[in-house]
Amino acid sequence: MHREEMVEPLYEREPDSVPGPFYVIKGACVLCNLPGQIAPQNISWSLQTFRRACENCPDHCRIARQPRGRDELDQVIEAACASCIEAIRYCGVDPEILARFRHRGYEHLCDAVVRDEA
């Protein structure tokens with residue numbers, strides 16, 4: 001995908017995610033693994049180890065790679081909409097992507113839309 005314009009994210013993003021319009025809200029992940037199963041090329045577990053009970057256990061999911069191409073974009077949007085806690089957000093302004101979230105009834109996951117409604 002091309003480099004696109006973004007609005008300021010509404011939430012703090014996980015610091016080990018790659019830069020770009022899709023992000024995971026810091027501290028929101030509950031380790032369900034559903035987003036990573038839906039978009040395995042783009043969403044992975046944290047590289048850091050924070051949990052006290054386990055030396056090498058992940059603490060959260062993260063955006064490991066912004067979507068490249070239509071298939072990956074489809075998967076990341078599906079992962080964002082399927083997330084039980086809606087921790088994956090989109091802060092880009094691409095009208096086609098915003099329309100896809102809106103069509104699914106998940107425009108509230110788009111920071112640009114939420115800002116416009118405020």
Side-chain angles (χ1 to χ4, degrees):
M1 292 188 56
H2 65 284
R3 189 176 176 111
E4 69 175 90
E5 291 185 44
M6 298 181 290
V7 298
E8 184 71 27
L10 290 176
Y11 302 93
E12 185 177 357
R13 57 173 75 218
E14 286 292 357
D16 59 345
S17 288
V18 297
F22 287 95
Y23 70 97
V24 176
I25 300 171
K26 184 176 181 180
C29 178
V30 295
L31 302 174
C32 71
N33 197 30
L34 182 62
Q37 290 177 358
I38 294 171
Q41 293 144 328
N42 306 94
I43 301 170
S44 67
W45 292 117
S46 61
L47 298 177
Q48 303 163 350
T49 55
F50 294 105
R51 296 209 182 258
R52 291 178 217 120
C54 177
E55 176 102 9
N56 293 311
C57 293
D59 183 67
H60 58 271
C61 66
R62 67 192 187 99
I63 302 298
R65 181 172 88 188
Q66 293 293 326
R68 297 179 186 164
R70 181 61 121 184
D71 289 343
E72 287 185 18
L73 178 60
D74 292 346
Q75 292 171 353
V76 172
I77 291 172
E78 175 65 29
C81 296
S83 169
C84 61
I85 56 167
E86 299 181 339
I88 300 170
R89 300 197 53 92
Y90 176 69
C91 66
V93 296
D94 183 300
E96 178 188 338
I97 296 173
L98 294 172
R100 292 177 66 187
F101 274 100
R102 186 174 292 114
H103 176 74
R104 295 179 65 130
Y106 284 90
E107 63 270 12
H108 61 278
L109 298 179
C110 301
D111 295 350
V113 173
V114 174
R115 285 184 190 282
D116 288 346
E117 293 175 352

According to a hydrophobic-cluster definition based on side-chain heavy atoms being under 4.5 Å apart (Ile, Leu, Val, Met, Phe, Trp, Tyr only), do [X] and [Y] belong together?
X	Y	value
Tyr90	Val18	yes
Leu109	Val113	yes
Val93	Met6	no
Ile38	Tyr106	no

Practice prompt. Under the side chain to side chain donor-acceptor pair (under 3.5 Å) rule, collect the residues that match up with Arg13, sequence neighbours excluded.
Written response: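 By the side chain to side chain donor-acceptor pair (under 3.5 Å) rule, Arg13 matches no residue at all.
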When rounded to the nearest 0.5 angstrom, what is the spacing between [atom1] in [X] and [atom2] in [Y]?
X	Y	atom1	atom2	value
Gln75	Gln37	CD	CD	12.5 Å
Ile77	Phe22	CD1	CZ	5.0 Å
Tyr23	Ile88	OH	CD1	11.5 Å
Asn42	Arg68	CG	CZ	8.5 Å
Leu73	Glu96	CG	CD	7.0 Å

Fill in: Pair Arg100-Asp74, side chain to side chain contact (heavy atoms under 4.5 Å, CB included): steps then yes or no
CA-CA 9 Å; Arg100 292 177 66 187; Asp74 292 346; 2.3 Å; yes
Practice prompt. Under the side chain to side chain contact (heavy atoms under 4.5 Å, CB included) rule, collect the residues that match up with Ala64, sequence neighbours excluded.
Written response: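 Scan of Ala64 (side chain to side chain contact (heavy atoms under 4.5 Å, CB included), adjacent residues dropped) gives Ser44, Arg62.
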Heavy-atom closest contact ([X] atom, [Y] atom, distance):
X	Y	value
Asp111	Leu10	OD2-N, 3.0 Å
Val24	Cys61	CG1-O, 3.7 Å
Ala87	Ala28	CB-CB, 3.8 Å
Ala112	Val7	N-CG2, 3.7 Å
Cys91	Gly20	SG-O, 4.2 Å
Cys110	Leu98	CB-CD2, 3.6 Å

Discussion item. Applying salt bridge (Lys or Arg N to Asp or Glu O under 4.0 Å), can you list everything that pairs with Asp71, at least two apart in sequence or on another chain?
Written reply: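 Testing Asp71 for salt bridge (Lys or Arg N to Asp or Glu O under 4.0 Å), a comparison that skips the adjacent residues, returns none.
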Worksheet entry | Any residue meeting salt bridge (Lys or Arg N to Asp or Glu O under 4.0 Å) with Arg65, in chain and number order, not counting sequence neighbours |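 Checked Arg65 against salt bridge (Lys or Arg N to Asp or Glu O under 4.0 Å); matches are Glu72.
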Item to complete: Answer yes or no: is there a donor N or O on one side and an acceptor on the other, between the side chain of Asp16 and the main chain of Ser46, under 3.5 Å?
Response: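 No: the side chain of Asp16 does not pair with the backbone of Ser46.
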Discussion item. According to salt bridge (Lys or Arg N to Asp or Glu O under 4.0 Å), does anything in residues 76-88 pair up with another residue at least two apart or in another chain? List the pairs.
Written reply: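 Listed once each, the pairs are Glu78-Arg104.
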Worksheet item: Do any pairs count as a salt bridge (Lys or Arg N to Asp or Glu O under 4.0 Å) and have a residue in residues 25-35, sequence neighbours left out, and if so which ones?
Response: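 Matches after skipping sequence neighbours: Glu12-Lys26.
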Worksheet entry | Phe101/His103 aromatic ring centres below 6.0 Å |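 No, the ring centres sit 6.0 Å or more apart.
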